[in-house]
Protein chains: 2
Amino acid sequence: MDCVRRRASSVADDRLTPRAREIVEAARAVLEESGPGSLTMRSLADRLGIKAPSLYKHFPDKSAVEVELIALMLTESAEACEAAEAATPGSLAALTTAYRDYALAHPHLYRLGTERPLPRHALPPGLEDRAAAPLLRVCDGDGDLARAAWAFAHGMVILEINGRFPEGADLTGAWKKGTEALHS
Amino acid sequence: MDCVRRRASSVADDRLTPRAREIVEAARAVLEESGPGSLTMRSLADRLGIKAPSLYKHFPDKSAVEVELIALMLTESAEACEAAEAATPGSLAALTTAYRDYALAHPHLYRLGTERPLPRHALPPGLEDRAAAPLLRVCDGDGDLARAAWAFAHGMVILEINGRFPEGADLTGAWKKGTEALHS
DNA sequence: GTCTATACCCGGATAGAC
DNA sequence: GTCTATCCGGGTATAGAC
């Protein structure tokens, strides 16, 4: 199967022209540095050294750019989970740790990719399943358990990103308790 | 202690003038009907039959209105959980069910109350603790477990609100699995 | 406590020249 | 593929009269 070598692309592959890929990378940089409220067509153009109207030669509208960012996040977090699974097969703890680390390293991107319904029709085929697969394998195909574990991990991550836990609370205990309870 | 009877206020108590309370109730209605993007000072004024600038006689700015909405959400969800605890003491399932029901009945309000850091300085004293107390009691004072259970419940709720689970997936199985695993 | 008028800023997006 | 010029809408918020 290694004839189908998978590229560790920083931005989704053939779906985009080279220039469009550069734009998405710039959008990602703006988003991660300054948050979603600062990602505008103007700020994006500024970072690229062009004017905002030029962007519309490459994307029909802003939401098309955002879709690519969402696809990017899903791909990267799937890759992170696949790597964790490869390193420590069958471990829910390894998976949740990888998931947490990725999300906290890219909070704005993670949020963008989870705060709205998936634009399924516009995503690369199979991406959603790919992102879900490692967790489902760890749960031995138990979809209910996998969803519960996902909810736990997402809840922990997003509550932390949103600053909802008290002050400097140490959350490793909560991660441990939850992961062990759902264990697998 | 019943000399300190607690009112089942629809909007936070003495913190606000009667007119300000009406404004918050209108804001709640707009938010729940049309979503956060539609809650503007203009739309809020429209619903009240006044002009937007008049609102600034009652609130210094828009965020002050939002703080009241957040306080409202926390109070109501705490009340829902307290009622569930009173009806079925010691049951995590009863608690998560009440939490879920409240959140899904008021998705926009719930989201507003969880998507950003708590404005702790502006909230009624003790409200955050009150909201956390029932879950902490069910977890026998185990803070790590309580946080894990909260993350699970919030994750389930917010992923459902955000339309992230596949199509018409039945989630009761996942709720059951997660609640039993964290059991208490 | 409400009004009118208005300032101010910012966003997405289009037309048409080069 | 980029530009300039521009439109259009929408938001928060203030000043000052009544």
Is there a donor-acceptor pair under 3.5 Å between the side chain of A/Asp142 and the backbone N or O of A/Leu136? no
May I ask you to decide if A/Ala94's main-chain N or O and A/Thr88's side chain share a donor-acceptor pair within less than 3.5 Å? no
Pairing of [X] and [Y] as salt bridge, 4.0 angstrom limit:
X: A/Asp46; Y: A/Lys51; result: no
X: B/Arg15; Y: B/Glu68; result: yes
X: A/Arg21; Y: A/Glu25; result: no
X: B/Glu76; Y: B/Arg28; result: yes
X: B/Arg47; Y: B/Glu33; result: yes
X: A/Glu115; Y: B/Arg164; result: no

Whole angstrom value for the distance that separates [atom2] of [N] from [atom1] of [X]:
X: B/Tyr56; N: D/dA13; atom1: OH; atom2: C1'; value: 5 Å
X: B/Leu44; N: D/dG10; atom1: CG; atom2: P; value: 17 Å
X: A/Leu48; N: D/dG1; atom1: CG; atom2: C1'; value: 13 Å
X: B/Leu55; N: D/dT12; atom1: CG; atom2: P; value: 10 Å
X: A/Phe59; N: C/dT14; atom1: CZ; atom2: P; value: 15 Å
X: B/His58; N: D/dT12; atom1: NE2; atom2: P; value: 17 Å
X: B/Leu39; N: D/dG11; atom1: CG; atom2: C1'; value: 12 Å

Closest-nucleotide ordering on DNA chain C, the 5'-leading residue of A/Lys62 and B/Arg19: B/Arg19
Working note: B/Phe165 + A/Trp150, criterion ring-ring contact (aromatic ring centres under 6.0 Å, His included); need CA distance, chi angles, decisive distance, verdict. CA-CA 10 Å; B/Phe165 290 116; A/Trp150 182 34; 5.6 Å; yes
Per B/Ile50 side chain, nearest of listed nucleotides D/dT12, D/dT2, C/dT2: C/dT2
Starting at the 5' end of nucleotides 4-9 of chain D, put B wherever the base has a protein heavy atom under 4.0 Å, S where only the sugar-phosphate does, and a dash everywhere else. BB----
Check the orientation of A/Tyr110 and A/His154. Use parallel for under 30°, tilted for 30 to 60°, and perpendicular for over 60°. tilted
Do any N or O atoms of the protein come closer than 3.5 Å to N or O atoms of nucleotides 16-18 of chain D, and which pairs are they?
none

Base, sugar-phosphate, or nothing: which does B/Gly49 touch, judged by heavy atoms less than 4.0 Å apart? sugar-phosphate
To the nearest 10°, give me the bend of the helix from C/dG1-D/dC18 to C/dC18-D/dG1, comparing the axes of its five terminal pairs at either end. 0°
Test side chain to side chain contact (heavy atoms under 4.5 Å, CB included), reference B/His108, set B/Ile161, B/Leu31, B/Val30, output is B/Leu31
